[in-house]
Amino acid sequence: MTYVVTDACIRCKYMDCVEVCPVDCFYEGENMLVINPNECIDCGVCEPECPAEAILPDTENGLEKWLELNRSYSESWPNITQKGDVPADADAMKGVEGKFEQFFSPEPGSGS
């Protein structure tokens, strides 16, 4: 099992999860984070830290798409080990439906 970041992170990107990850398995895109499933040790400390509730165990139904997206982008986006600046509109974007189709960016973030 591993944890995955879902579309609830898009344009929220609070990054509280990065601060608690003991193995630095988060990778930063322009407007969301992903978890490298090969590096995640399934400790679960990141899940309750996410204000957007974007981190879920991959054992939940329907997360195959997110597991593949996390795997794919963690190979090309830079690693992030420190919390950065939260987007100004993060709170307004929290809970918005259909964020992947409307707002996802495949561009990498700056990392740390």
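To the nearest 0.5 angstrom, E60 atom CD is 9.0 Å from M1 atom CE. From D42, atom CG reaches atom CG of D58 across 8.0 Å, with rounding to the nearest 0.5 Å. Distance check, rounded to the nearest 0.5 Å: SG of C17 to CG of L33 gives 5.0 Å. N70 contributes atom CG, which lies 11.5 Å from atom NZ of K65 (distance to the nearest 0.5 angstrom). Atom SG in C12 sits 10.0 Å away from atom CG in D7 (nearest 0.5 Å). Here the OG1 atom belonging to T6 is positioned 9.5 Å from the CD atom belonging to E53, to the nearest 0.5 angstrom.
N36 contributes no side-chain N or O that, together with a main-chain N or O of Y27, makes up a donor-acceptor pair within less than 3.5 Å. With K13 contributing its side chain and P87 its backbone, the two residues share no donor-acceptor pair below 3.5 Å. In terms of modelled atom types and a separation under 3.5 Å, the side chain of E49 and the main chain of D16 share no donor-acceptor contact.
Considering every non-hydrogen atom in both Y14 and V86, the closest pair reads O-CG2, 3.5 Å. The two residues V45 and P48 have their closest heavy-atom pair at O-CD, 3.5 Å.
For C40, the side-chain contact (heavy atoms from CB on, under 4.5 Å) partners at least two apart in sequence or on another chain are T2, Y3, C25, I35.
Summarising the local packing, CG of D85 is surrounded by 12 or fewer heavy atoms from other residues, nucleotides or ligands at distances under 6.0 Å.
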N/O donor-acceptor pairs under 3.5 Å from side chains in residues 99-108, not counting sequence neighbours:
{"from": "K99", "atom 1": "NZ", "to": "A8", "atom 2": "O", "distance (Å)": "2.9"}
{"from": "K99", "atom 1": "NZ", "to": "I10", "atom 2": "O", "distance (Å)": "2.6"}
{"from": "K99", "atom 1": "NZ", "to": "M93", "atom 2": "O", "distance (Å)": "3.3"}
{"from": "Q102", "atom 1": "NE2", "to": "E97", "atom 2": "O", "distance (Å)": "3.2"}
{"from": "Q102", "atom 1": "NE2", "to": "G98", "atom 2": "O", "distance (Å)": "3.4"}
{"from": "S105", "atom 1": "OG", "to": "E30", "atom 2": "OE1", "distance (Å)": "2.4"}
{"from": "S105", "atom 1": "OG", "to": "E107", "atom 2": "N", "distance (Å)": "3.2"}

(message) Evaluate M15 against F26 for side-chain contact (heavy atoms from CB on, under 4.5 Å), listing each step before the verdict.
(response) CA-CA 9 Å; M15 296 179 275; F26 283 90; over 6 Å; no

